[in-house]
Protein chains: 2
Amino acid sequence: MDSKDLKSAGLKATLPRLKILTFLQSSPVRHMSAEDVYKAMLESGEDVGLATVYRVLTQFESAGLVTRHHFDEGHSVFELNLGEHHDHILCVKCGKVDEFTDQVIEERQHEIAKKQGYTITDHALVIYGVCPDCQNA
Amino acid sequence: MDSKDLKSAGLKATLPRLKILTFLQSSPVRHMSAEDVYKAMLESGEDVGLATVYRVLTQFESAGLVTRHHFDEGHSVFELNLGEHHDHILCVKCGKVDEFTDQVIEERQHEIAKKQGYTITDHALVIYGVCPDCQNA
DNA sequence: ATTATATTGAGAAAGATTCGCATTTGTATC
DNA sequence: GATACAAATGCGAATCTTTCTCAATATAAT
């Protein structure tokens, strides 16, 4: 049962929150817009308002359950946190999102922040390109 | 005269474009939203519509005169291109934007793209943190 | 100067997100 | 398990950013 996850995140275990969290955990697609989540709720017959989807996703973000990304699109994209940090490589043709981590880049970023006197809180690295599939089309 | 810049960018030298380009070139602030540019036009008594500001900035982007950034804010930020590529480090408290380049990171990104089979077209790296000034406040 | 075409301004429209508020739900209490 | 109270929800309105429409205007070529 997911209500444990919500409770431990400091959130009341309400039906909309449970439905959304369950959906995020079970979906094979890991990067979704609020609209995507809303549509998925509709399709599963779950009655959750769009405003609630936005509210819940924002609460999940504050609680550390999801991460909000701002790729070069006009809307936010949410991703369930599975522990390990990673960056993204995104196909500009089909929109596919892949992930990667690079220890060298991670370290350099901390050095750069330190050199400039910043206390680093977060970072976002997105590589844009054409994926293998789209190169043959 | 800036009309040369516009002509060589393949753009007709119209008054709004000249005014906006001149403003971008003369402003000490390098990262601005469309709204910022629009307000600046109003303040200098220049009569340029908001829709035109958006259109012109988008054209400038296509022409390679400016770069559009999507930081973790709800709007695009534009920056006049001065030749050299660079990444950004942004203060989450005061919103200040600093720049940096790191050859190691640049190279790693190309390696990562290649390893995943992508043809890299662009990339965006933003480090978020607290700047030196804001740490003492 | 004249013409054909691209550009502009203003407001409407669209897309994403948030807000306000009456109603409902979850949870602690009895 | 019923009750009460705060928190959460749904809906539509409101807001914000950005784009679109189209008549009026400015630009570049003739």
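Numbered from 1 within each chain, the chains take letters A, B, ... in sequence-line order.
- Applying the 4.0 Å criterion to OP1 and OP2 of D/dA7, one finds that A/Thr14 has every side-chain N and O outside that range.
- In terms of phosphate contacts, B/Thr52 brings a side-chain nitrogen or oxygen within less than 4.0 Å of OP1 or OP2 of C/dG9.
- Each end of the helix from C/dA1-D/dT30 to C/dC30-D/dG1 yields a helix axis from five base pairs, and these two axes differ in direction by 40° (to the nearest 10 degrees).
- A/Leu57 places its CG atom 15 Å from the P atom of D/dA8, with the value rounded to the nearest Å.
- Summarising the geometry, the separation between CZ on A/Phe78 and P on C/dT17 is reported as 7 Å, rounded to the nearest angstrom.
- Here C/dT8 presents its C1' atom at 11 Å from CD of B/Gln59, a figure rounded to the nearest Å.
- The listed nucleotides are C/dG26, D/dT18, C/dT17; the one nearest the side chain of A/Leu15 is C/dG26.
- Taking atom NZ of A/Lys19 as the reference point, atom P of D/dT9 lies 10 Å away to the nearest angstrom.
- Although no hydrogens or angles enter the test, the distance criterion places no donor-acceptor pair under 3.5 Å between the side chain of A/Asn81 and the main chain of A/Gly83.
- Residue-environment remark: NE2 (B/His110) stays at or below the threshold of 12 foreign heavy atoms within 6.0 Å.
- Residue side chain A/Arg55 reaches the base of D/dG10 through a donor-acceptor N/O pair under 3.5 Å, judged by distance alone.
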Show your reasoning for whether ring pair (Phe, Tyr, Trp, His ring centres under 6.0 Å) applies to A/Phe78 and A/His69.
CA-CA 6 Å; A/Phe78 299 85; A/His69 300 292; 8.9 Å; no
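- Between the side chain of B/Ser26 and the main chain of B/Phe23, a donor-acceptor pair closer than 3.5 Å is present.
- For A/Leu11 and A/Ala51, each mapped to the nucleotide of DNA chain D holding its nearest heavy atom, the one lying further toward the 5' end belongs to A/Leu11.
- A side-chain donor-acceptor contact under 3.5 Å links B/Thr121 to the backbone of A/Tyr128.
- Distance, A/Lys39 NZ to C/dG15 P: 11 Å, rounded to whole Å.
- We find that CG of B/Leu50 is positioned 17 Å from P of C/dA13, with the value rounded to whole Å.
- The distance between atom CD1 of A/Ile20 and atom C1' of D/dG10, rounded to the nearest whole Å, is 13 Å.
- Regarding A/Arg17, its CZ atom lies at a distance of 10 Å from the C1' atom of D/dT9, rounded to whole Å.
- A/His123 places none of its side-chain heavy atoms less than 4.5 Å from the side chain of B/Ile89.
- Residue A/Lys12 has no polar side-chain atom (N or O) positioned under 4.0 Å from OP1 or OP2 of D/dA6.
- One N or O on the side chain of B/Ser27 and one on the backbone of B/Val29 form a donor-acceptor pair closer than 3.5 Å.
- Side-chain N/O atoms of A/Tyr54 include one lying less than 4.0 angstrom from OP1 or OP2 on C/dT17.
- A close approach under 4.0 Å does occur between a side-chain nitrogen or oxygen of A/Ser76 and OP1 or OP2 of C/dT17.
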